[in-house]
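The block underneath contains the structure these notes are about, expressed in structure tokens.
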Amino acid sequence: MTKFFSQLPLIYLALIIAVVYFNIFCSGLLWLLLLLFLVYRLKYYTNQVKITVFVILTCVSLLFFSKNYSIQKLIHTVPATPKSLLVQMDSIQVDGNQLSLVGQDGTRSYQCFYQLPTEKAKNFWQNYNGRILKIEIKGTVKQAEGQRNLNGFDYQKYLKSKGNSQLLTINKINHLSATQSYQPLLNAANLRRKLIVYIQNHFDNPLASYMQGLLLGHLPKEFSESLRIYSMLGIIHLFAISGMQVAFFINKLHFFLRRLGLIQEHLIYADLLFSLFYMVITGFQISIIRALLANLLSYRQLSSYDNFALTFLIIILLNPLSLLGQSAQLSFLLAFILLQLQPILKREKGFLSEIKGGIYVSLGILPMLLFYFYEWQPLSILLTIIFSFLFDYFILPFLVILFLLSLLHITFDFNFIFLKLEEIIILCSKFSIKPLIIGRPEPLVFIMMSLIVFFIFDSIYLRRPIKKLCFCLIGLILFTKWSPFGVFAVVDVGQGDCIVIQAPFNRQTIVIDVGGKLIIKKPAWQNSISTTNAEKTLLPFLKSRGISRIDYLVATHTDSDHIGDLSVVAQTIRIKNIVLTSGSLTQADFKAQLAALHPLPKLCVVKSGDVLAFGQQKLNILYPKYSTDGGNNDSIVLSGKLWGIEYLLTGDLESQGEADLIQQYPNLTADILKVGHHGSQTSSSEAFIQQLKPKIAIISCGINNRYHHPHPKTLQTLIENHVTIKRTDEEGMVYLKIFPLINNKGLKTIK
């Protein structure tokens with residue numbers, strides 16, 4: 001086998017196995033073509049190598065197929081609700097009156113949610129640090145939702161990467177007891193939980209949050225606003241427990257043990273014990289396991305590439321699901337980039353090496369950052385260098401010392417330092433530029449970007465010109481930002497409305513409503529730190545399309561499920577014009593929402609007969625003729641023939657408004673109708689549908705919404721008139737990709 005590896009680089013074998021992995025777990029034509037290319041390249045090796053590789057690939061393929069089949073079976077087979085669960089203690093999260101945790105029943109793990117009935121129950125779950133809990137429950141098991149919007153979050157895939165099979169809504173906890181478990185992973189999670197609660201109870205925020213995040217890899221909900229700012233500055237990776245912390249602790253451990261007289265040959269045993277302990281208290285995060293395993297393999301005196309390849313193979317074979325997570329992929333990519341840069345950076349010295357290293361690393365991870373997060377912070381290179389130095393040499397050692405002293409009952413109030421740090425990052429966010437929204441590259445473009453980056457690194461090492469390669473990379477980035485494809489999309493924002501119309505080449509964007517949810521006042525202890533609908537649905541979609549500016553945002557009317565997330569959208573995406581009715585300006589809450597926008601977009605008060613120019617296309621304002629109160633029957637109704645298709649977009653217009661509309665426009669028709677008021681029985685009257693004669697009706701409503709939209713009567717009316725129905729609650733986003741020279745009339749859905 002040693003002779004075999006000397007003939008075939010271990011890193012090449014790891015690459016082939018990685019491509020096999022993604023063919024099985026993710027599939028796709030490009031992955032298949034890449035696999036065929038790598039296998040074809042084996043023609044340069046001996047028959048013995050080819051046979052050995054074939055045997056290895058067959059074995060790992062069977063392993064991956066088996067694991068993928070078993071987890072898919074668990075996900076798609078909804079079992080009866082378990083009567084009792086063992087709690088994975090470090091998964092406990094309390095947010096207001098909402099409790100979430102991972103519960104285990106035999107071979108199945110469930111992501112569980114429970115509404116806490118009292119403040120006393122909340123305090124119990126927040127502060128519990130005893131033995132493992134066993135809970136007897138009544139609840140409902142359901143399958144997790146997959147992707148709901150184009151390029152949106154896939155909750156089912158996320159749970160799959162964690163090994164969780166289903167969602168479980170706990171209606172009642174009948175009994176709760178502390179128990180003993182002989183499962184090592186559950187006991188490890190309980191130890192981590194004890195440390196989390198210890199820090200929470202012995203230190204004030206934000207010091208406690210920094211300590212939990214940087215030492216244990218646990219980021220509490222209370223720290224979410226600070227994390228949002230770190231993310232906006234492009235330095236959120238400082239809180240990803242990884243090689244930084246591992247190198248720090250290993251170096252300090254070696255220094256201490258050498259002072260005690262331990263010889264070099266015995267350090268590996270200390271590293272082994274520390275690795276096991278640190279994996280436990282950080283929750284077996286892949287980035288930590290990778291760094292610790294690489295350190296242990298370094299004692300075998302392997303080459304850097306063999307060390308990386310062997311680390312990768314051990315992790316992926318022991319836990320095949322681990323590489324499905326974005327953090328694991330980024331961790332391995334970052335490690336590989338640093339490996340590639342070693343011979344390049346050896347030629348530099350001092351601070352110049354740090355700067356160039358930061359630039360090269362940012363360049364290396366740029367394709368994956370765009371693929372997953374759609375934006376790039378230009379200042380991240382400088383900020384990473386500054387804050388990495390601060391975290392490595394001051395904050396991390398300081399937190400370790402404070403934690404160890406607290407174990408000796410020696411405490412100091414140093415929270416003011418971290419309050420000052422919070423002020424500094426807020427100040428940085430105010431004076432820094434916003435991240436550049438580029439969009440998500442298509443898979444082929446992503447692969448081309450990655451190859452160009454590899455060739456750039458290779459050319460830098462060989463001291464060859466890179467100007468042409470840089471121009472190619474910039475060209476692909478510009479192609480992603482100004483894609484020739486436009487889109488018409490009814491975004492799935494739950495129980496609400498949101499439509500995005502983007503012209504080809506990203507020339508212009510109109511957004512009609514932005515969704516939102518009704519805010520219900522609760523007692524203070526029940527208030528949660530939750531993200532808005534727009535942050536989970538609309539904003540990721542806009543960013544993935546490269547949209548950094550909305551030319552016209554149409555507020556059809558003032559209901560919170562249509563325009564409630566306006567301020568959230570305005571904080572991220574520049575809005576040039578807000579289109580609204582005069583009646584909307586009579587609503588005090590909506591006026592206050594507008595007044596809070598900074599800078600305030602231009603307000604365009606419209607009525608029947610006005611037109612929104614959309615490049616060579618246009619949208620006509622058909623209604624209202626006379627604005628009243630900004631309610632449902634004061635909704636702005638838009639009509640237009642965009643790229644060969646006639647649309648009618650009706651907001652929450654009800655039957656009385658529909659009657660006024662067809663009386664005013666007796667020849668009105670539409671190919672695609674966005675059904676009014678989420679398909680309620682007060683809209684889509686028989687006369688209205690018969691006149692319009694739509695081919696497709698799109699209903700925007702939430703899954704199992706409290707209003708039971710759409711109403712059976714409305715559905716029956718549409719069916720009797722031979723209208724094809726598309727529903728966001730059942731099919732997710734409804735969208736149409738637009739190319740300037742092609743009238744593509746095939747509406748697609750996510751499901």
Side-chain angles (χ1 to χ4, degrees), residues 148-150 487-493 495-501 512-513 556 617 619-620 622-623 632-633 635-705 707-738 742-751:
R148 302 288 309 176
N149 289 294
L150 193 64
V487 70
F488 168 86
V490 179
V491 183
D492 180 14
V493 291
Q495 183 61 19
D497 258 24
C498 178
I499 298 171
V500 175
I501 307 172
I512 303 166
D513 293 328
T556 59
Q617 317 294 318
L619 283 172
N620 301 300
L622 302 186
Y623 188 89
N632 287 352
N633 275 326
S635 292
I636 294 176
V637 176
L638 300 105
S639 173
K641 191 170 186 177
L642 305 177
W643 298 282
I645 302 174
E646 290 186 348
Y647 296 90
L648 184 66
L649 314 172
T650 60
D652 268 0
L653 196 68
E654 297 182 339
S655 54
Q656 180 58 54
E658 293 173 350
D660 294 341
L661 186 64
I662 58 177
Q663 183 179 3
Q664 188 175 350
Y665 301 95
N667 298 318
L668 182 64
T669 59
D671 295 320
I672 296 177
L673 167 68
K674 202 293 295 180
V675 172
H677 203 196
H678 320 290
S680 76
Q681 64 176 330
T682 60
S683 300
S684 305
S685 64
E686 183 81 26
F688 186 63
I689 299 301
Q690 285 180 351
Q691 176 173 317
L692 291 180
K693 297 181 176 59
K695 297 180 179 65
I696 298 173
I698 303 173
I699 301 174
S700 180
C701 58
I703 301 172
N704 299 323
N705 61 84
Y707 309 102
H708 306 293
H709 293 156
H711 196 275
K713 178 184 174 183
T714 301
L715 297 176
Q716 187 63 32
T717 299
L718 294 170
I719 292 169
E720 289 175 353
N721 285 276
H722 311 290
V723 182
T724 300
I725 301 170
K726 301 287 185 182
R727 296 170 50 174
T728 59
D729 61 330
E730 292 183 345
E731 301 175 274
M733 174 186 281
V734 182
Y735 67 99
L736 171 70
K737 283 194 173 182
I738 301 162
I742 301 174
N743 289 332
N744 184 354
K745 297 188 178 183
L747 275 179
K748 299 178 181 178
T749 59
I750 292 298
K751 299 295 182 182

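Starting from 1, each residue takes its place in the sequence as its number.
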Between I750 and Y735, is the side chain to side chain contact (heavy atoms under 4.5 Å, CB included) condition met? List the steps.
CA-CA 8 Å; I750 292 298; Y735 67 99; 4.1 Å; yes
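- Nearest approach of Q690 to N721, heavy atoms of both residues: CG-OD1, 3.3 Å.
- Side-chain atoms of Q617 come within 3.5 Å of backbone atoms of W643 as a donor-acceptor pair (strictly under, hydrogens ignored).
- Residues satisfying the ring pair (Phe, Tyr, Trp, His ring centres under 6.0 Å) criterion with F488, sequence neighbours excluded, are Y647.
- Expressed to the nearest 0.5 Å, how far CD1 of I698 lies from OG1 of T724 amounts to 11.0 Å.
- With sequence neighbours excluded, the residues forming a salt bridge (charged side-chain N to carboxylate O under 4.0 Å, His left out) with D729 are R727, listed by chain and number.
- Annotation: side chain of L718 is in contact with side chain of I699 (closest heavy-atom distance under 4.5 Å).
- In this structure, the side chain of D513 does not engage the main chain of G651 through any donor-acceptor pair within 3.5 Å.
- Considering only heavy atoms from C-beta on, L642 stays 4.5 Å or farther from I738 through its side chain.
- Pairing each heavy atom of S639 with each of L668, the nearest pair is OG-CD1, 4.2 Å.
- Nearest heavy atom pair, residue S700 against residue V490, reads CB-CG1, 4.2 Å.
- Shown here are the ring pair (Phe, Tyr, Trp, His ring centres under 6.0 Å) partners of H711, two or more places apart in sequence or in another chain: there are none.
- Among N667, L661, T669, I662, the single residue meeting the side chain to side chain contact (heavy atoms under 4.5 Å, CB included) criterion with Q691 is I662.
- Judged by distance alone, with hydrogens and angles left aside, the side-chain atoms of S635 form a donor-acceptor pair with the main-chain N or O of D652 at under 3.5 Å.
- Checking side-chain atoms of T728 against main-chain N and O of C701 turns up a donor-acceptor pair under 3.5 Å.
- The distance from the NE2 atom of H677 to the NE2 atom of H709 is 5.0 Å, given to the nearest 0.5 Å.
- By the 4.5 Å heavy-atom criterion applied to side chains, H678 and Y707 are not counted as neighbours.
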Given side chain to side chain contact (heavy atoms under 4.5 Å, CB included), test D671 with I696 step by step and report yes or no.
CA-CA 6 Å; D671 295 320; I696 298 173; over 6 Å; no
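- The NZ atom of K695 sits 12.0 Å away from the CG atom of L747 when rounded to the nearest 0.5 Å.
- Using a 4.5 Å heavy-atom cutoff, the side chains of I689 and P694 are in contact.
- Rounded to the nearest 0.5 angstrom, E646 CD and I672 CD1 are separated by 10.5 Å.
- Rounded to the nearest 0.5 angstrom, Y665 OH and L648 CG are separated by 11.0 Å.
- When side chains are defined from C-beta on, I512 does not count as touching I636, because their heavy atoms never get closer than 4.5 Å.
- Taking both residues in full, the closest heavy atoms of G496 and V493 are given as C-CG2, 3.7 Å, listed atom of the first, atom of the second, then distance.
- A search for salt bridge (charged side-chain N to carboxylate O under 4.0 Å, His left out) contacts involving D497 returns K674, not counting sequence neighbours.
- Judged as a salt bridge (charged side-chain N to carboxylate O under 4.0 Å, His left out), and not counting sequence neighbours, K693 has no contacts.
- Rounding to the nearest 0.5 angstrom, the gap separating the CG atom in L653 from the CG atom in N633 is 5.5 Å.
- Contact check for R148 versus I703: side-chain heavy atoms found under the 4.5 Å cut-off.
- By the 4.5 Å heavy-atom criterion applied to side chains, I725 and V675 are not counted as neighbours.
- Heavy atoms only, all atoms of each residue included: L673 and T650 are closest at CD1-CG2, 3.9 Å.
- Residues S683 and G676 come closest through the heavy atom pair CB-O, 3.4 Å.
- In this structure, L649 and I499 have side chains that are in contact, with non-hydrogen atoms separated by less than 4.5 Å.
- For E720, the salt bridge (charged side-chain N to carboxylate O under 4.0 Å, His left out) test picks out no residue, with sequence neighbours left out.
- Between the side chain of T714 and the main chain of S684, no donor-acceptor pair closer than 3.5 Å is present.
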